[in-house]
*Asks:* 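Attaching a single structure in structure tokens format; questions to follow.
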Amino acid sequence: MAGFRIFDLNPEQELAVRTTEGPLLILAGAGSGKTRVITMRTAFMLSQGIAPESILAVTFTNKAATEMRERLAGLVPEEQAKKVTMSTFHALCVRILRQDIEALGYKKNFSIYDEGDQMGLIKKIITRISARDEKLDPHVAKNAISKAKNNGWREPQDDKTLIGAVFARYNAELKTLNAVDFDDLLLLTVKLLNEHPTVQERWFRRFRYIMVDEFQDTNRLQLDLVSLLAKPHPASPEFAGARPNVAVVGDDDQSIYGWRGAEVSNILEFEAHFPGPTVVKLEQNYRSTNIILGTANSLIKNNPRRRPKKLWSAKDGGEKVKIIAMPDDRQEAEFITEEINARKTAEGLKWEDFAVLFRMNAQSRQVEENFRRLRVPYRIIGGKSFFDRREVKDVLAYAACLLNVDDDVALLRIINTPARGISDATVEKATEFSIRAKTSVFKALRDEHFLMTLRTATRNAIEKFAAFLDEFETKLHEPLSNQPAVLRALIEESGYLPDLQRTCKTPEEWMDREKSVRDIIGSFEAYEGRSDKGLQGFIDEMMLRQDQEEDEDEGGGVTLITLHASKGLEFPHVYLMGVEEGVLPHDRSKLEGTVDEERRLLYVGITRAQKTLALTWCRQRAKYGSIVPCISSSFLKELDPELIEHRDVGEILNAPVTEEKAAAKFGAIFDLLGKI
DNA sequence: GGCGAATCGTCAACC
DNA sequence: ACGATTCGCC
């Protein structure tokens, strides 16, 4: 590795790369080459002889982690790149907990509950314990629980209130089920490292060099976790006085996760947590034209409480930013998709050069439909579409049952899917019994006392089902078992597929759903090829990957993405839709007093664009099925008018067809013909 | 105990 | 406008 050289870095970037020891704070403006600095720094550390196993890079999204891993693979031998740990906070926690959670009284095969599972459990608890006239919105309860956990509380403040009682009960039941929710992943890891010095010391020794990306988005627990991993245990003489090797990268202007508990103070007061850091400011933007950057700057300067910075770009010229008024959301989607289709040909671009950004996932639907109609390839990032599908959840629930029979949520999902003679009434009885006996539903199904209360037919059905699960559980855990084959056989023999087919209304729907069942087993096979963590590891990855799962066309296509998920990415040509009062800033942000964060969100969107940027808004929009009038976002008034060009599509549609437009249309047709 | 039809509530963002 | 839930009927 002696041959590694640092190339093409500006002096600030180089300082960041070369500072490997002690705390390091990198204030990286949008597009300032942050990912490049992180990967280069990692490569540099390796060239200095630092062991790859001792390097940990934490990001927020799987996407960012993957990109970083790929970029590093381009700089150093694959052997080394593979040994560096690059993961999201949550994935890191799963890894730590899978190894050491027994110290907290859980079993290692704990299940991870996503928001859907969480909601199901909360709803059940609310109906179970609330008095008949008391009403508690499960959403409210869920948010309160999440907030409490993120603040590091473990016990309810008082369980006299209904919400406190629900919280206490929820936590108790999760533990009985040997399950943890997303917030627990962080909370329990922090608890584990805090309360068990030997465990802490092992992980501290393991990761001697830590990097955290998007540090402005860390919450209190995440900061605690970083501190616990980076700082030696006070009772450890060996490392007494050692400075933590912690490098954090972030930009307060891109802090957009306040709603998730992110505390900008973590980055603004970094010095308080890690004294005496080297501070590096990256202010040269390599991504966008000065027009786009100027537009972004004119917006963000309206925010109070920022770290002063002066972002600049060497890229002059380029097109003005377009603000386009649309009659309604339907035509907005049509306009964007057709213009992308036309520009691809007219300007000789690739589909991957374009991205459509939006505030809410729901906005993507009409765009998708139009792209499908035009046969334009696209990929949706985020949006839980794949993972949210009934059949995917069902298959994963079957798998989860094999791994943890006490996982009630998974068990109840599939206990009578397909119908196998275990009715809702029976399930209800089993659940009641399990609560009284403080055990899981599966154990209740195996309990003699419980079975005696049932009719023979029901009892037989239960015994058959339990034996069925046992059989596959045994097969799964046999040494050298082919786990994907076991999963396939489980689904096959459960009779799930014919039942799924029966519930499909059209042959297309059946083909589609059957394909996603095949896809998920296929991804497990692929996973087995690259990992040795088996079904457990695969399920973990699926649970933590609400994002992506790209559709088969690996070529990519136009990117459809939420503003939140777009952070860290860049595209030559960006369309940002729905820039209306009520959408961006979102209505709720006004009630909550978080309009500044919405402004940062728009700032993030604008700074994704390299060459051209169009912002669209609609005069009316369909909401909940009915049409409501809209006005343009107040943020648009803050943008520097010198850099903006206004258009109104109402006028364009009525205007005669220009030669250029006709040419573009022809171009699109030729393009289509060329494909056939 | 299972199934289809009406009705209800939802659309803020992520791991 | 859509998907989940509930209700009523077989």
Side-chain angles (χ1 to χ4, degrees), chain A residues 58-65 87-94 112-116 118-120 123 137-139 143 146 149-150 180-186 214 217-219 221-222 255-262 329-330 357-366 369 381-385 387-390 416-427 455 457-458 461 499 502-503 505 540-548 561-568 578 582-592 594 597-598 600-602 604-605 621-628:
Chain A
V58 194
T59 61
F60 274 83
T61 62
N62 293 299
K63 190 123 192 80
S87 102
T88 62
F89 271 105
H90 289 82
L92 173 70
C93 290
V94 170
I112 301 167
Y113 279 10
D114 68 12
E115 276 171 323
Q118 205 183 347
M119 270 302 237
K123 276 183 192 160
D137 178 356
H139 273 110
N143 287 338
S146 179
K149 289 190 175 185
N150 276 302
V180 305
D181 62 27
F182 281 150
D183 297 318
D184 283 339
L185 290 175
L186 283 162
E214 311 286 10
D217 289 332
T218 50
N219 63 24
L221 279 176
Q222 285 158 337
S255 156
I256 54 176
Y257 286 99
W259 51 275
R260 197 169 68 179
D329 51 332
R330 206 192 126 68
L357 273 52
F358 37 83
R359 177 70 175 85
M360 299 176 288
N361 278 310
Q363 288 172 263
S364 72
R365 235 194 59 247
Q366 291 183 314
E369 281 166 15
I381 312 269
K384 307 173 179 175
S385 44
F387 195 78
D388 243 11
R389 304 182 64 143
R390 171 161 56 93
N416 208 30
T417 308
R420 45 172 74 91
I422 307 175
S423 71
D424 288 352
T426 309
V427 170
R455 298 188 321 192
T458 315
D499 185 61
R502 194 179 47 79
T503 63
K505 290 189 183 66
D540 285 351
E541 197 172 290
M542 294 305 293
M543 296 308 288
L544 297 178
R545 186 162 59 195
Q546 305 295 67
D547 63 348
Q548 64 155 334
I561 192 168
T562 62
L563 287 166
H564 280 91
S566 75
K567 186 150 60 80
V583 176
L584 183 66
H586 195 274
D587 273 330
R588 291 200 204 173
S589 73
K590 297 185 193 172
L591 298 171
E592 291 163 13
T594 53
E597 185 156 305
E598 299 283 305
R600 289 193 290 266
L601 201 48
L602 178 54
V604 166
R621 162 179 303 278
K623 254 181 187 167
Y624 303 120
S626 58
I627 291 170
V628 287

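Just the heavy atoms: all of them, side chains too, but no hydrogens, waters or symmetry mates, feed the values below. Below, read A as the first sequence line, B as the second, and so on, with proteins coming before strands; counting in each chain starts at 1.
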*Asks:* Dump every N/O contact between nucleotides 8-10 of chain C and the protein below 3.5 Å, one line per pair.
*Replies:*
none

*Asks:* Taking only the C1' atom of each, what is the distance from dA4(C) to dA13(B) in whole angstrom?
*Replies:* 22 Å
*Asks:* Taking the minimum atom-to-atom distance to the side chain of Glu115(A), which one of dC15(B), dC11(B), dG1(B) wins?
*Replies:* dC15(B)
*Asks:* Roughly, in whole Å, what's the span from CG in Asp183(A) to C1' in dC15(B)?
*Replies:* 9 Å
*Asks:* Grab the CD-C1' distance between Gln222(A) and dC14(B) for me, whole Å please.
*Replies:* 11 Å
*Asks:* Considering all heavy atoms of both residues, which atom of Ile112(A) and which atom of Phe182(A) are nearest to each other, and what is their separation?
*Replies:* CG2-CE2, 3.9 Å
*Asks:* Which one, dA1(C), dC14(B), dA12(B), comes nearest to the side chain of Thr562(A)?
*Replies:* dC14(B)
*Asks:* By side chain to side chain contact (heavy atoms under 4.5 Å, CB included), which residues pair with Asp499(A), not counting sequence neighbours?
*Replies:* Thr417(A), Pro418(A), Arg502(A)
*Asks:* Please tell me which of the listed nucleotides, dG1(B), dA1(C), dT5(C), lies nearest to the side chain of Lys123(A)?
*Replies:* dT5(C)
*Asks:* From the options dG1(B), dA12(B), dC14(B), select the nucleotide whose nearest atom is closest to the side chain of Glu598(A).
*Replies:* dA12(B)
*Asks:* By side chain to side chain contact (heavy atoms under 4.5 Å, CB included), which residues pair with Gln366(A), not counting sequence neighbours?
*Replies:* Asp329(A), Arg330(A), Ala333(A)
*Asks:* Taking the side chain of Arg365(A) as heavy atoms from C-beta outward, which of dC15(B), dA1(C), dA13(B) is closest to it?
*Replies:* dA1(C)
*Asks:* Take atom NZ of Lys623(A) and atom C1' of dC2(C), then tell me their distance rounded to the nearest Å.
*Replies:* 17 Å
*Asks:* Kindly say whether the aromatic ring centers of His586(A) and Trp259(A) come within a distance under 6.0 Å.
*Replies:* no
*Asks:* Are any protein N/O atoms closer than 3.5 Å to N/O atoms in nucleotides 2-6 of chain B? If there are, list each pair with its distance.
*Replies:*
{"residue": "dC3(B)", "atom": "OP1", "partner": "Arg502(A)", "partner atom": "NH1", "Å": "3.3"}

*Asks:* Any idea which of dG1(B), dC14(B), dC2(C) is nearest the Asn361(A) side chain?
*Replies:* dC14(B)
*Asks:* Mind calculating the distance between CZ (Arg390(A)) and P (dA4(C)) to the nearest angstrom?
*Replies:* 8 Å
*Asks:* Please work out if Phe60(A) contacts a base, only the sugar-phosphate, or nothing of the nucleic acid, heavy-atom cut-off 4.0 Å.
*Replies:* sugar-phosphate
*Asks:* Between the base of dA12(B) and the side chain of Gln363(A), is there a donor-acceptor distance below 3.5 Å?
*Replies:* no
*Asks:* Tell me: CG of Leu602(A) to C1' of dA12(B), nearest whole Å?
*Replies:* 16 Å
*Asks:* Would you please determine if the base of dA13(B) is stacked by Trp259(A), with stacking meaning a centroid separation under 5.5 angstrom and planes under 30 degrees?
*Replies:* yes
*Asks:* Please give me the minimum heavy-atom distance between Gln363(A) and Arg359(A), naming the atom from each residue.
*Replies:* OE1-N, 3.1 Å
*Asks:* Checking side chain to side chain contact (heavy atoms under 4.5 Å, CB included) against Val604(A), which of Leu357(A), Ile256(A), Leu563(A) comes through?
*Replies:* Ile256(A)
*Asks:* Take atom CG of Asp587(A) and atom C1' of dT10(B), then tell me their distance rounded to the nearest Å.
*Replies:* 15 Å
*Asks:* Once rounded to the nearest 0.5 Å, what's the spacing between atom CG of Asn361(A) and atom CD1 of Ile561(A)?
*Replies:* 10.0 Å
*Asks:* In chain order, what residues pass the side chain to side chain contact (heavy atoms under 4.5 Å, CB included) check against Ala91(A), with sequence neighbours excluded?
*Replies:* Ser87(A), Thr88(A), Leu544(A)
*Asks:* In this structure, how many angstroms lie between the C1' atom of dA13(B) and the CE atom of Met360(A), rounded?
*Replies:* 11 Å
*Asks:* For Glu592(A) and for Ala91(A), find the nucleotide of DNA chain B with the closest heavy atom, then tell me which residue's nucleotide is more 5'.
*Replies:* Glu592(A)
*Asks:* Going by salt bridge (charged side-chain N to carboxylate O under 4.0 Å, His left out), name the residues that satisfy it together with Glu592(A), two or more places apart in sequence or in a different chain.
*Replies:* none
*Asks:* If stacking means aromatic ring centre less than 5.5 angstrom from the base's six-membered ring centre, planes under 30°, is His586(A) stacked on dA12(B)?
*Replies:* yes
*Asks:* Taking the side chain of Arg455(A) as heavy atoms from C-beta outward, which of dG1(B), dC15(B), dT10(B) is closest to it?
*Replies:* dG1(B)
*Asks:* Under 4.0 Å between a side-chain N/O of Arg588(A) and OP1 or OP2 of dA12(B), yes or no?
*Replies:* yes
*Asks:* Would a distance-only check, ignoring hydrogens and angles, find a side-chain to backbone donor-acceptor pair under 3.5 Å from Asn416(A) to Ile422(A)?
*Replies:* yes
*Asks:* dG1(B), dT10(B), dC14(B): which one has an atom nearest the side-chain heavy atoms of His564(A)?
*Replies:* dC14(B)
*Asks:* Atom CD of Gln118(A) to atom P of dC14(B): distance rounded to whole Å?
*Replies:* 16 Å
*Asks:* Out of dG1(B), dT5(C), dA12(B), which nucleotide sits closest to the side chain of Thr458(A)?
*Replies:* dG1(B)
*Asks:* Walk me through it: do Lys590(A) and Glu598(A) pass the test salt bridge (charged side-chain N to carboxylate O under 4.0 Å, His left out)?
*Replies:* CA-CA 9 Å; Lys590(A) 297 185 193 172; Glu598(A) 299 283 305; over 6 Å; no
